[in-house]
Amino acid sequence: MESESTQKDAGDSSSHQDGSSHSDGSSRQDTDGAQPPGALLQLWQNLTSTPWQFCKSVVRHGRPTSDRAASQVIFSNVFLHILPTRISLHALKFRATLGLGVITLVLFFLLTITGIALMVYYKPSTAEAYNSMKEIQYVVPTGRFMRNIHRWGAHAMVLFVLLHMARAFYTAAYKKPRQFNWFIGMVLLVLTLALSFTGYLLPWDQLAYWAVTIGSEIAQSPRELTDALGITSWFDIGGFQKRLLLGSNHVGEEALIRFYVLHVAVLPILLCTFLAVHFWRIRKDGGLARPSDHTGADHLPLQSISNPISSSKTFGLMAVVRGQTPAVNRSMTNTVPTWPNAIYAIAALSMLTFAVMLCLGFCFDAPLKEFANPNVPENPAKAPWYFLGLQEMVSYSAFMGGVAIPAIVVLGLMLVPYLDREQEEAGVWFSGPLGKRICLLSALLTTVVIVGVLAFTINFGWLRNWYPNIPQIIITFVNPGTLFLVIFMVWSFAVTKRTNSTRMGALAIFTCFFVAFIILTYFATVHRGPNWDFYWSQSDWPVH
Amino acid sequence: MKTDLEKSPRFQQTQQRRDFLGIAATWSAIATVCVALMGALRLPIPWAFPESSRRVKLGSPSLFQGIAITPLPEERLWIFSDSQGLYAMSAICTHLGCVVARQENGSFFCPCHGSRFDAQGKVVKGPAPKGLIHLSLTLSTDGQLVVDHDKEVGSDVRLQA
């Protein structure tokens with residue numbers, strides 16, 4: 001490589017001389033003693049070698065046959081240099097990450113591409129939106145395919161964001177120094193859900209209209225509390241939120257435009273920004289969470305400039321400034337070059353994700369119901385699956401189930417790394433056998449509690465069925481949703497006390513919420529029918 | 001360990017002046033950002049919503065008098081007539097905004113989350129935080145019945161027309 005580049009430089013300079021002065025050319029003729037190529041011949045040679053020279057100017061290093069060249073593949077490429085040049089063997093193990101983050105990212109790429117394709121035909125107006133959906137579905141070549149992938153990709157992305165969160169939690173990847181990146185991850189979760197919700201309205205069919213009507217009324221539901229306190233007339237936070245979202249008093253033209261702007265511009269830009277921070281922080285926090293290499297230090301010792309270990313650039317630069325350095329290149333033992341090991345793994349996972357999404361897009365059509373009719377609600381009007389657990393809780397109390405409990409859960413998750421600061425081995429699933437047992441117990445408890453309470457409410461009703469004149473504020477604060485919350489918190493405190501470990505308490509409450517989410521989602525998907533009544537299966541639904 | 005120069009009153013005066021300028025600059029920057037943000041955040045809530053008036057003329061009261069119940073699906077309300085006069089009740093569920101349906105026995109139910117209301121609109125079951133809303137009915141100067149969707153009245157208010 002070195003010799004080639006020198007040759008090239010020599011060639012460049014000679015042609016430059018040829019162009020600038022003739023006498024130089026003739027003097028070189030004497031020294032070389034050979035016939036010099038004429039300028040035209042040189043031009044021809046330059047032209048024929050241009051593809052190769054162009055490639056060499058794009059990728060300066062040679063084939064990645066040595067570790068050095070393999071490193072250059074990574075750090076001389078703007079897209080790949082977000083990855084480290086060497087990666088720990090632990091991070092490459094499938095069971096360390098299950099590939100969930102990569103799959104989520106690939107899905108986001110797919111959604112961006114198919115989303116842009118759909119934007120070409122989609123018209124965000126109440127009169128045209130539904131027609132343009134039909135156009136995409138039935139007239140545009142590959143339109144239906146693009147829409148299918150976009151719809152199933154959105155569902156899959158929510159699923160994998162949730163699974164990725166669970167993976168990070170169970171492997172203790174939120175612990176110092178990764179607290180802030182866990183926080184960013186929660187922001188990304190909220191943004192992903194917001195993207196799904198705003199995208200849901202765009203087809204302007206019955207499903208979209210009624211799901212978003214319910215969603216915007218949930219935004220207004222703090223009125224349930226302010227009404228009870230009698231302060232709605234001068235402090236109407238609920239009404240403000242709804243009008244901010246809809247730009248009107250009901251779902252209409254303004255709401256559609258707002259949702260469209262949020263869906264195609266505001267939220268994607270925010271998501272990309274936080275995504276960049278998320279990836280940047282993975283590197284700066286020392287790569288994927290993994291058990292220590294028994295080098296002892298979790299953080300880099302203060303480096304002096306002369307320290308011979310500080311071979312990497314970041315290391316060296318940061319060593320100049322005294323203080324806690326970012327945890328890059330903690331140890332070079334047990335690592336392999338990122339090219340080709342990690343790159344091939346990522347590529348394979350991307351291919352798999354692509355293939356699965358293409359199959360889904362081919363085999364299953366995204367639903368499109370009748371044109372939105374503001375006078376006739378869908379019955380049952382079900383939100384997408386990931387909001388159905390919330391919808392079940394909303395059917396107890398709109399404010400508690402739709403606003404307060406989700407806010408408490410998200411805030412609680414954001415605070416976890418700051419409340420549980422025990423430093424232990426990161427990258428170990430469930431933090432060992434005790435954690436595994438705690439998680440199993442928590443899952444069992446949650447299943448019993450939720451199934452029990454649901455069975456109870458279906459058979460015997462709740463407070464209002466027994467005391468018809470009960471004030472709303474009591475139902476707001478005492479309903480199955482708040483009951484779950486209290487039971488899980490008490491359980492988590494008990495576990496913390498018993499095991500004398502905040503990590504075990506955190507595992508307990510996270511498992512409770514995760515299992516509760518799964519059970520409620522399943523229950524609302526399968527067992528709730530018209531009028532939100534209980535049915536064993538959809539075949540038992542009354543015909544209407 | 002301060003040098004003689006740093007101890008001099010002249011130096012301290014300059015230093016204070018610099019601190020003041022620094023603090024003033026910081027706070028004016030913060031104030032500017034706040035004002036700009038407030039302006040940007042004020043934008044999404046217009047002075048008036050681009051929608052038709054929430055006060056709607058329904059026609060002559062004689063259209064409704066003597067008929068126990070008249071559904072007006074476009075307005076999402078019912079007009080009731082009893083011995084004391086006329087009253088209007090909204091068909092929008094107070095839980096999450098679905099349109100409730102009237103049953104044979106005069107009660108109402110919401111298809112979305114199963115709230116049930118009696119004939120007077122009072123909640124009897126389900127998650128609805130309050131009863132169906134009774135809307136203000138007035139007579140316009142040309143003698144037409146006017147309903148105001150933004151004005152809630154008590155369930156015992158009647159319009160004698």
Side-chain angles (χ1 to χ4, degrees), chain A residues 210 213-218 220-221 223-225 227-228 240 242-254 258 373-382 391-402 461-462 464-465 468-470 472-473 475-476 479 528 530-534 544, chain B residues 40-56 71-78 90-103 107-118 120-131 133 135 148-152:
Chain A
W210 286 102
T213 299
I214 289 174
S216 62
E217 292 287 326
I218 288 175
Q220 187 178 256
S221 66
R223 270 192 187 174
E224 194 177 312
L225 197 65
D227 272 346
F240 172 80
K242 180 186 170 185
R243 289 193 291 269
L244 183 68
L245 197 60
L246 299 186
S248 168
N249 282 308
H250 44 251
V251 180
E253 193 78 59
E254 273 63 38
R258 277 174 195 223
N373 181 353
N375 293 325
V376 184
E378 278 285 284
N379 190 7
K382 286 195 180 182
Q391 206 176 342
E392 175 64 25
M393 295 214 294
V394 156
S395 75
Y396 312 134
S397 156
F399 173 68
M400 269 298 156
W462 197 248
R464 186 166 273 143
N465 301 61
N469 291 318
I470 196 165
Q472 175 61 28
I473 189 126
I475 294 178
T476 303
N479 63 57
R528 289 296 189 186
N531 303 351
W532 211 247
D533 284 335
F534 174 82
H544 61 275
Chain B
L41 291 178
R42 188 63 193 78
L43 178 132
I45 307 261
W47 293 119
F49 287 124
E51 58 189 14
S52 49
S53 170
R54 306 269 291 160
R55 284 167 57 87
V56 184
L72 293 172
E74 288 302 308
E75 295 298 328
R76 304 198 212 178
L77 54 80
W78 289 279
S90 166
I92 296 172
C93 181
T94 52
H95 181 227
L96 291 175
C98 292
V99 176
V100 299
R102 188 162 179 272
Q103 304 290 87
S107 69
F108 303 91
F109 82 86
C110 174
C112 289
H113 299 98
S115 292
R116 274 159 222 275
F117 307 86
D118 67 12
Q120 286 304 306
K122 194 169 157 285
V123 197
V124 286
K125 186 171 172 277
K130 55 184 180 183
I133 291 170
L135 298 169
D148 187 345
H149 282 283
D150 284 330
K151 203 164 170 191
E152 191 180 340

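Chain A is the first sequence line, chain B the second, and so forth, proteins listed ahead of strands; every chain is numbered from 1.
Atoms SG and CD, from B:C112 and A:Q391 in turn, are 7.5 Å apart once rounded to the nearest 0.5 Å. Here the straight-line distance linking atom CD1 of B:I45 with atom CG of A:L244 works out to 5.0 Å at 0.5 Å rounding. Taken from NE2 in A:H250 to CZ in B:R76, the straight-line distance is 7.0 Å, to the nearest 0.5 Å. Separating the OG1 atom in B:T94 from the CZ atom in A:R223 is a distance of 11.5 Å, to the nearest 0.5 Å.
For the residue pair B:V99 and A:P374, the shortest heavy atom distance occurs at CG2-O, 3.7 Å. For B:F49 against A:G247, the heavy-atom pair with the smallest separation is CD2-O, 3.3 Å. Nearest heavy atom pair, residue B:H113 against residue A:I214, reads CE1-CD1, 4.1 Å. Smallest separation of non-hydrogen atoms from A:N375 and B:E74: ND2-OE2, 3.4 Å. Minimum interatomic distance between A:N379 and B:P111 (heavy atoms only, all atoms of both residues): OD1-O, 3.1 Å. Heavy atoms only, all atoms of each residue included: A:S395 and B:H95 are closest at CA-CE1, 4.2 Å.
Of the two parts of B:A128, only the backbone, made up of N, CA, C and O, holds a non-hydrogen atom closer than 4.5 Å to a non-hydrogen atom of chain A. For A:V251, no part lies near chain B; criterion is any non-hydrogen pair under 4.5 Å. Heavy atoms of A:F240 lying under 4.5 Å from chain B belong to its backbone as well as its side chain. In this structure, chain B has no heavy atom under 4.5 Å from any part of A:I475. For a residue to count as touching a neighbouring chain, one of its non-hydrogen atoms must lie under 4.5 Å from one of that chain's; by this rule A:E392 does not touch chain B.
For the pair A:R464 (side chain) and B:P127 (backbone), a donor-acceptor distance under 3.5 Å is absent. Put simply, the side chain of B:R54 never gets that close to the backbone of A:N249: no donor and acceptor are under 3.5 Å apart.
The candidate from B:P73, B:P46, B:C93 with the greatest count of non-hydrogen atom pairs under 4.5 Å with chain A is B:P73.
For the pair A:R258/B:P44, a side-chain contact is recorded, criterion being any heavy-atom separation below 4.5 Å from C-beta on.
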